[in-house]
Amino acid sequence: MIPVLIGALIALTAADLNILYPNLQPSKIIYFSDSSSQLSVVAEPSKVWSRRGGNATLPCMIERDQSIPPNPKLRVKWTKLTSDFLIELKVYVVMDYLKRSYGDYQGRVHLRGSSPMDASLVITEVTLEDYGSYKCEVIDGLFDATAVVALDIEGVVFPYSPRLGRYNLNFHDAETACEDQDAVVASPEQLYDAWEDKMDWCNAGWLSDGTVQYPITNPREPCGGKNAAAGIRNYGQRDKETSHFDVFCFTSNYTGLFYYLIHPSKLTYDEAVGACQNNGSQIAKVGQMYAAWKLLGYDRCDPGWLADGSVRYPVSCPRPRCSPTGAAVRSHGFPDKKQRLYGVYCFKGPN
Ligand SMILES: *[C@@H]1O[C@H](CO)[C@@H](O)[C@H](O)[C@H]1NC(C)=O
Ligand SMILES: *[C@@H]1O[C@H](CO)[C@@H](O)[C@H](O)[C@H]1NC(C)=O
Ligand SMILES: *[C@@H]1O[C@H](CO)[C@@H](O)[C@H](O)[C@H]1NC(C)=O
C-alpha cells in the first residue's frame, strides 16, 4: 500500500501541488530521481558556436534503459540559465503532442528529432541575446535527467564610451549605449576571449554580469601597474545605478551592406546622415563597423562619420600611413558636428 501512495504523490504535477499547498513555490519542489538511473541525457559537444542570423543545434541525446517500454508521455523542457545560474527562463517545452516556445524564441525553435531519442534543440535566426547556457531536461515518468549546453556566438568585443566622455555610463546607460551601436553588453567570457586575441584597453567597462573589468596585454603603470602580469583587471560587482564607467559591447554578423560612401566632398554630420539616406541607406553604427572589420576584413583608410557622432575608420591591413601599429578600428573621437572634414560610412539593411 505504501509504495503506491508514494508513487501517487510523486506523480502529482507542480500545479497540483500548488493547489494542495499554495505556499509551495514551483522552484521548491524536489523531483525524485532514482540513483540506479534508468534515464540519462548526453550533451556532446557541451559548447556550440553560431553567428547572429545563423542556426544553432544544442545537442541533447536521451539514453534510457531499453528493457523498459518507451514512454509516449516523455517530456522535454529546454530552459535558458541566467549568467548567475539562479533563474531558468523557459525556451521550449514538448509534452506529448503539445509543443510550446516562449518569449523571443517563439517561432525560432524546434527539436531536431533525428530519432525518438534526439531531444536536441534547433534555434534559427540566432540573435546576440541567445548567447548563454541552456538546460535540457527530460522527464520520463518518475525519472528526470538534465544536461547543460553553452551557446557561444562568433563576433567581436569593442570598448565604448559616449560623446560625454570617459566614465559616464551606469549599467543601464551601458546597455542602451551598446544597443544603439547594434550590439549587446559583452559577457566576462567574451572579454576574456578578446583578451586572448590580444585586446588591450586601459579604461574599465561594464560587463553583462554587472562587473567592471578591462583587458591588459602590455602591463604599464596607469593600467594596474607595470609589474603586474598581463591579464584582465577586475573591479568586481559595482552598483548598477550609481557607478559610472565605460562599457564593453559585443556584436556579431549582420544582414546587410556596410560601405564607405563615395561622395565628391567632405561632409558635416548632418550632411553625412542625409547622404546615406539619399542612397537608400542609414548612417552606419559603431558595431557595424567593428563587425565588418573583424568578420569581413573591411579595410578603408578614410575617417568617416558614424551614427553616434564619432568619426572612425577600420584598418585590416596596417601600412605606414594607415594604422602602422596594427589592425584596428581607429577613432578621431567625437569631433564638432559642423566640421566638414570627413566622409561617412553607411549601412543598408535588408529591405
Ligand atoms: C537555418 O535553418 C533553416 C531551416 O531550419 C534553413 O531554411 C536556413 O537556410 C538555415 N540558415 C542557415 C544560415 O544555415
Ligand atoms: C554573415 O554570414 C553569412 C553567411 O553565414 C556570410 O555570407 C556573411 O558574409 C556574414 N557577414 C558578416 C558581416 O560576417
Ligand atoms: C549606394 O548603395 C549601394 C547599395 O545599396 C552601394 O552598393 C553603393 O556603393 C552606394 N553608392 C555609393 C556612391 O557609395
Side-chain angles (χ1 to χ4, degrees), residues 45 47-61 76 78 80 91-94 99-115 118-132 134 136 149 151-156 182 250-289 291-307 311-316 340-351:
K47 188 188 245 190
V48 171
W49 284 87
S50 189
R51 286 180 157 193
R52 177 160 59 173
N55 294 341
T57 302
L58 310 182
C60 180
M61 298 303 289
V76 177
W78 277 94
K80 183 166 190 221
V91 172
Y92 194 59
V93 175
V94 179
K99 297 184 175 80
R100 180 149 182 216
S101 51
Y102 296 83
D104 291 340
Y105 294 95
Q106 281 175 49
R108 293 200 295 127
V109 284
H110 61 267
L111 292 192
R112 180 171 61 180
S114 64
S115 77
D118 185 3
S120 304
L121 184 75
V122 178
I123 307 179
T124 61
E125 297 289 316
V126 167
T127 67
L128 298 177
E129 290 78 12
D130 290 349
Y131 172 88
Y134 292 78
C136 169
V149 190
L151 172 57
D152 222 324
I153 294 185
E154 220 179 298
V156 56
D182 190 35
F250 175 83
T251 193
S252 176
N253 201 338
Y254 51 70
T255 339
L257 179 71
F258 170 90
Y259 63 94
Y260 181 79
L261 186 80
I262 304 302
H263 194 271
S265 61
K266 302 286 194 239
L267 305 158
T268 66
Y269 175 79
D270 288 343
E271 289 167 351
V273 170
C276 288
Q277 279 167 358
N278 286 342
N279 194 36
S281 307
Q282 300 282 314
I283 185 167
K285 297 175 175 177
V286 176
Q288 290 159 348
M289 179 179 279
W293 168 74
K294 183 77 176 186
L295 304 171
L296 297 179
Y298 197 96
D299 184 281
R300 182 101 204 176
C301 214
D302 300 292
W305 292 106
L306 292 173
V311 166
R312 305 175 197 239
Y313 58 101
V315 181
S316 296
R340 198 174 271 123
L341 291 175
Y342 310 105
V344 62
Y345 289 90
C346 309
F347 185 80
K348 183 160 174 55
N351 62 69

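As the structure is a computational prediction, the values presented were derived from the model and not from experiment. Indexing begins at 1, ligand by ligand and atom by atom, following the structure's order.
The side-chain hydrogen bond (donor to acceptor under 3.5 Å, both in side chains) search around K348 returns none, not counting sequence neighbours. Under the side-chain hydrogen bond (donor to acceptor under 3.5 Å, both in side chains) criterion, E125 pairs with no residue at all, not counting sequence neighbours.
A salt bridge does not link D104 to K80: none of the charged nitrogens lies less than 4.0 Å from a carboxylate oxygen.
The OH atom of Y260 lies 10.0 Å from the CE atom of M289; values are rounded to the nearest 0.5 Å.
For atom 10 (C) of ligand 3, the candidate residues are V344, N279, L261, I262; the nearest heavy-atom contact is made by N279.
Here the heavy atom of the protein found nearest to atom 7 (O) of ligand 3 is L257 CD2, 3.9 Å. At the top of the distance list for atom 9 (O) of ligand 3, counting protein heavy atoms only, stands Y259 CD1, 4.4 Å.
Per-residue contacts place N55 under 4.0 angstrom from the following atoms of ligand 1 (heavy atoms of the residue considered): 1 (C), 2 (O), 3 (C), 8 (C), 10 (C), 11 (N), 12 (C), 14 (O). Near K348, meaning under 4.0 Å from any of its heavy atoms, are these atoms of ligand 3: 4 (C), 5 (O).
With R52 as reference, T251 is the one residue of T255, N253, T251 to meet the side chain to side chain donor-acceptor pair (under 3.5 Å) rule.
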